[in-house]
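The structure appears right after this line, and notes come after that.
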Amino acid sequence: MALQNLGNFQDILLDKYLDESPIQFGQISNVQSSSGISLQDSILPSLSFPTSLSLASSQSVPLPFPMSHGTTTLAFMFQGGVLAAADSRSSCSGLVACPASQKILPIHSHLVGTTSGTSADCALWKRILSRELRLYQLHHGRRLSTKGAAKLLSNMLHPFKGTELCVAATLCGWDRCFDRKKVSFSGPNLFYVCSDGTRLQGTLFSVGSGSPYAYSILDQGVHWGLTVDEAVSIAREAVYRATHRDAYSGNCVDIYHISSKGWTHRSREDLKEEYYREKERQRQERRDRQEVTL
């Protein structure tokens, strides 16, 4: 009976998120269009708004400066599971808001998510997803698959399409699906979910302003037969190359490895250590060339 009540409670919460108007969340202001028709009348004519809450209170407040931001996150699959990596710099316009932020957020024992976008939005929706997955586990006695978690998050974010909500997450998990008490599938899974409802499945993703530079390393180095140490080295180098060229990324690198035993977090490493290693490799290459010429 208790689990049944929890399941009903989960359905009520999910319906609430999917049915709630973005205007009631304060995301859309009641602005006049060029034709003189308000957004409430033209786009959402059937929604009823509470009389006690004035739409003027949800109008956008002009920002003192543009809130441009960037990041570098990546994730890829290999024979040892899924590897996720991200830098630790949170930027706001031309300022470094936080040099030690956490951009890879654990969701449960076998699922983590890399986050790109507005930090507050990413943290909020990570908590919502964690709660919904825990309620599902209590109700059904098993964890929801990574594919199901991605679909749930996409459905919850889709009503906010076109608003100021900014979330881009890569869900990295290890699934064990059961069919009549037998394991029908066991292995890594990787999904990309965006705040406009986009949901993509793949084997390699990089998200953020530094992603073009990270792809240059990942495309030539990632393959299925990598060992864990090789995968960690490639991920660390990809983040380093991105932070070297992208001013909005930098400081440290966080690396998570998701396998059949769950996720493990490798110790955070300052990217200057990778810089020193790169310089040492270049000096060694110069010494080798000089010995060959002699």
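When a residue number appears, it is its place in the shown sequence, counting from 1. All values derive from a computational prediction rather than experimental measurement.
- I104 and L74 are members of different hydrophobic clusters when ILVMFWY side chains are connected at heavy-atom separations under 4.5 Å.
- For A123 against L105, the heavy-atom pair with the smallest separation is CA-CD1, 4.4 Å.
- Following chains of ILVMFWY side-chain contacts shorter than 4.5 Å, one cannot reach V193 starting from L200, and the two form parts of different hydrophobic clusters.
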Criterion side-chain contact (heavy atoms from CB on, under 4.5 Å) on V207 and T114, from CA distance to verdict
CA-CA 9 Å; V207 185; T114 69; 5.6 Å; no
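- Proximity of a side-chain donor or acceptor of S154 to a complementary backbone N or O of G197 within less than 3.5 Å is detected.
- Counting heavy atoms of neighbouring residues, nucleotides and ligands inside a 6.0 Å radius, atom CZ of R266 does not exceed 12 of them.
- There is a side-chain donor-acceptor pair under 3.5 Å between D175 and T146.
- To the nearest 0.5 angstrom, R287 atom CZ is 11.5 Å from Q282 atom CD.
- Residues H223 and F78 approach most closely at O-CB, 4.0 Å, considering heavy atoms.
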Before giving the answer on salt bridge (Lys or Arg N to Asp or Glu O under 4.0 Å), spell out for E269 and R277 the whole-Å C-alpha distance, their side-chain angles and the decisive distance to 0.1 Å.
CA-CA 13 Å; E269 181 179 351; R277 282 193 291 266; 2.5 Å; yes
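- Listed for the W263 side chain is a donor-acceptor partner under 3.5 Å among the backbone atoms of H108.
- With rounding to the nearest 0.5 angstrom, the CD atom of Q220 is 8.5 Å from the CD1 atom of I234.
- For the side chain to side chain contact (heavy atoms under 4.5 Å, CB included) with V232, the lone residue among V253, L83, L226 that qualifies is L83.
- Side-chain N/O atoms of R142 and Y136 include a donor and acceptor closer than 3.5 Å.
- L124 contributes atom CG, which lies 12.5 Å from atom OG of S119 (distance to the nearest 0.5 angstrom).
- F205 and V167 sit in two unconnected hydrophobic clusters of ILVMFWY residues. Membership requires side-chain heavy atoms under 4.5 Å apart, directly or through other members.
- How far CD of E291 is from CZ of R286: 13.5 Å, rounded to the nearest 0.5 Å.
- By the 4.5 Å heavy-atom criterion applied to side chains, R131 and I128 are counted as neighbours.
- Within the 4.5 Å cutoff, side-chain heavy atoms of R268 are placed close to those of Q102.
- Note on ring orientation: taking the six-membered ring where Trp is involved, the planes of H265 and Y256 are parallel (angle under 30°, cut-offs 30° and 60°).
- No donor-acceptor distance shorter than 3.5 angstrom exists from the side chain of S195 to the backbone of A168, with no hydrogens or angles considered.
- Y213 is not connected to Y240 by any chain of hydrophobic side-chain contacts under 4.5 Å among Ile, Leu, Val, Met, Phe, Trp and Tyr, and they are in different clusters.
- When all heavy atoms are compared, the tightest approach of C172 to L190 is SG-CD1, 3.5 Å.
- A pairwise comparison of heavy atoms in P188 and V82 identifies CB-CG2, 3.3 Å as the closest pair.
- By the 4.5 Å heavy-atom criterion applied to side chains, L111 and L171 are counted as neighbours.
- With rounding to the nearest 0.5 Å, the separation of CG in D121 from NZ in K126 is 15.0 Å.
- Each of W174 and F191 belongs to its own hydrophobic cluster when Ile, Leu, Val, Met, Phe, Trp and Tyr are linked at side-chain heavy-atom distances under 4.5 angstrom.
- For the pair E230 (side chain) and T227 (backbone), a donor-acceptor distance under 3.5 Å is present.
- Without hydrogens or angle criteria, H110 side chain to S260 main chain gives a donor-acceptor distance under 3.5 Å.
- With no hydrogens or angles considered, a side-chain donor-acceptor pair links D196 and T198 at under 3.5 Å.
- A 6.0 Å sphere centred on CZ of R245 holds no more than 12 heavy atoms belonging to other residues, nucleotides or ligands.
- Side-chain contact between D87 and N251 is absent, with no heavy atoms from C-beta onward closer than 4.5 Å.
- Of all non-hydrogen atoms in H257 and G80, the two that sit nearest each other are NE2-O, 2.9 Å.
- Annotation: side chain of L153 is not in contact with side chain of R199 (no heavy-atom distance under 4.5 Å).
- Each of R236, H244, K279 was scored for a side chain to side chain contact (heavy atoms under 4.5 Å, CB included) with E274, with one residue passing: R236.
- Residues A214 and T72 share a closest heavy-atom pair of CB-CG2, 4.4 Å.
- T170 places no side-chain N or O within 3.5 Å of a backbone atom of Y192 that could act as its donor or acceptor partner.
- Inspection of the Q284 and E280 side chains reveals no N or O donor paired with an N or O acceptor under 3.5 Å.
- For the residue pair S209/D246, the side-chain donor-acceptor check at 3.5 Å is satisfied.
- Using modelled atom types, one side-chain atom of R89 and one backbone atom of A247 make a donor-acceptor pair closer than 3.5 Å.
- Counting only heavy atoms from C-beta outward, the side chains of D254 and K103 never approach each other to under 4.5 Å.
- Y215 is listed as a side-chain neighbour of L204, based on a closest heavy-atom distance under 4.5 Å.
- A salt bridge does not link R281 with E285: none of the charged nitrogens is closer than 4.0 Å to a carboxylate oxygen.
- Taken to the nearest 0.5 Å, the CG atom of L95 stands 10.0 Å off from the OH atom of Y248.
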